[in-house]
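One structure is given here, and the rest of the page talks about it.
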Amino acid sequence: MELTHRHRRLRINQTMRDLVAETSLSVKQLIVPLFIVEDSEKDLMIASMPGYQRIRISELEKELTELVKLNLKTVLLFVKALDETKDNTGKEAVNPQGLMQRAIRKIKAFDQSIIVMTDVALDPYSSYGHDGIVENNQIVNDPTVEVLMRMSVSHAEAGADVVAPSDMMDGRVKYIRKALDDKDFINTGILAYSAKYASCYYGPFRDALDSAPGFGDKKTYQMDFRNSAEAVKEALTDVDEGADMVMVKPAGAYLDIIHRVKQTVHVPVAAYQVSGEYAQIKAVAERGWLNEQHAMLESLMAIRRAGADVIATYFAKDFARLKL
Ligand code: PBG
């Protein structure tokens, strides 16, 4: 046959395919989420996240040693606060001796070059399990932002490199930037969860931290999954307010959003492959219905192909061990 184009030429073997591959992923582009718990925590297993464990603060160094060996040098910290510390003011969130603050100091003492990112939102500390302060069953914006400002400064004081507000309150990037600058933390960055959707895919994470909302849902602050222009608006607002990076979350079901945001902003775009995405792959693989490694790799590459510069994923260690 006389064919002008034989596309298969460039797929002839692995070397050729690697040569012309348009997308790549390096461990250097991965963010490792860590769930830190007090030493008194008895149960490290997370039923809905097989293979992923909570880490006791005294065992943090062991985990970090492993991560550094794998060249994974950026962590995103979440803590499981003790029940008795929870209230409706975020008091524990700004405690200099809080679990988060101790964890940050520990990591920085272990290896200064590890990039420590911290989750900024009230849900792990909230007696209501909401990301903000609750008044008359409403999550109130401005009083919450006031606490997030103090929380961010407290993380910066402990040594955090980047604060990552995941609360979806309006104006928080602007006021967190101002609070950091007022205290001379001019080099502390902000990774804004700009397009964070109200998603059922956070379920396993809420099991991990025992942070499920006590009433209602998060739909008055997290985004409606029917929308995409709104994600662009959120991202532009955050960049305008001083975000150094923006995030889209979840990732797998929101590749179009990642793509749109990447085309619009000129800061690095992060995507969060969330707990439910991880759980989904794990569960299907457990049944033998999909190959876990292949599903992991394909899902991560798809997120990169959509336009994510960096990816937060519970598969970070598994990916790093692949030795591609
Ligand atoms: C809390 C927060 C959540 C996640 C990250 N930060 C849960 C939520 O908003 O309910 C989800 C992460 C995941 O599912 O892996 N603000």
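Atoms within each ligand, like the ligands themselves, are counted from 1 in listed order. Note: hydrogens, waters and symmetry copies are ignored here, and every other heavy atom, side chains too, is used. In this chain, numbering begins with 1 at the start of the sequence shown.
- Ligand 1 places these atoms under 4.0 Å from at least one heavy atom of Y272: 12 (C), 15 (O).
- Heavy-atom separations between K196 and ligand 1 include at least one value shorter than 4.0 Å.
- In this pair, H130 and F215 present their aromatic rings tilted. The plane angle is within the 30 to 60° band.
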Inset, instruction - Starting from the C-alpha separation in whole Å, work towards a yes-or-no answer on side-chain hydrogen bond (donor to acceptor under 3.5 Å, both in side chains) for Y314 and Y272. - result: CA-CA 9 Å; Y314 302 98; Y272 199 144; 2.7 Å; yes
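- Below 4.0 Å from some heavy atom of S166 lie the following atoms of ligand 1, by number and element: 1 (C), 2 (C), 6 (N), 16 (N).
- Each of the following atoms of ligand 1 lies closer than 4.0 Å to a heavy atom of F78: 5 (C), 6 (N).
- Salt bridge annotation for D240-K174: absent, with no cationic side-chain nitrogen under 4.0 angstrom from a carboxylate oxygen.
- Within the structure, ligand 1 lacks D167 among the residues with a heavy atom less than 4.0 angstrom away.
- A cation-pi arrangement is absent between K196 and Y254 under the rule of less than 6.0 angstrom and at most 45 degrees off the ring axis.
- With a heavy-atom cut-off of 4.0 Å, S275 touches ligand 1 through backbone and side chain alike.
- In the vicinity of Y314, heavy-atom distances shorter than 4.0 Å reach the ligand 1 atoms 12 (C), 13 (C), 15 (O).
- In this structure, Y278 falls outside the shell of residues with a heavy atom less than 4.0 angstrom from ligand 1.
- Judged by the shortest distance from any of its heavy atoms, Q273 lies outside the 4.0 Å radius around the atoms of ligand 1.
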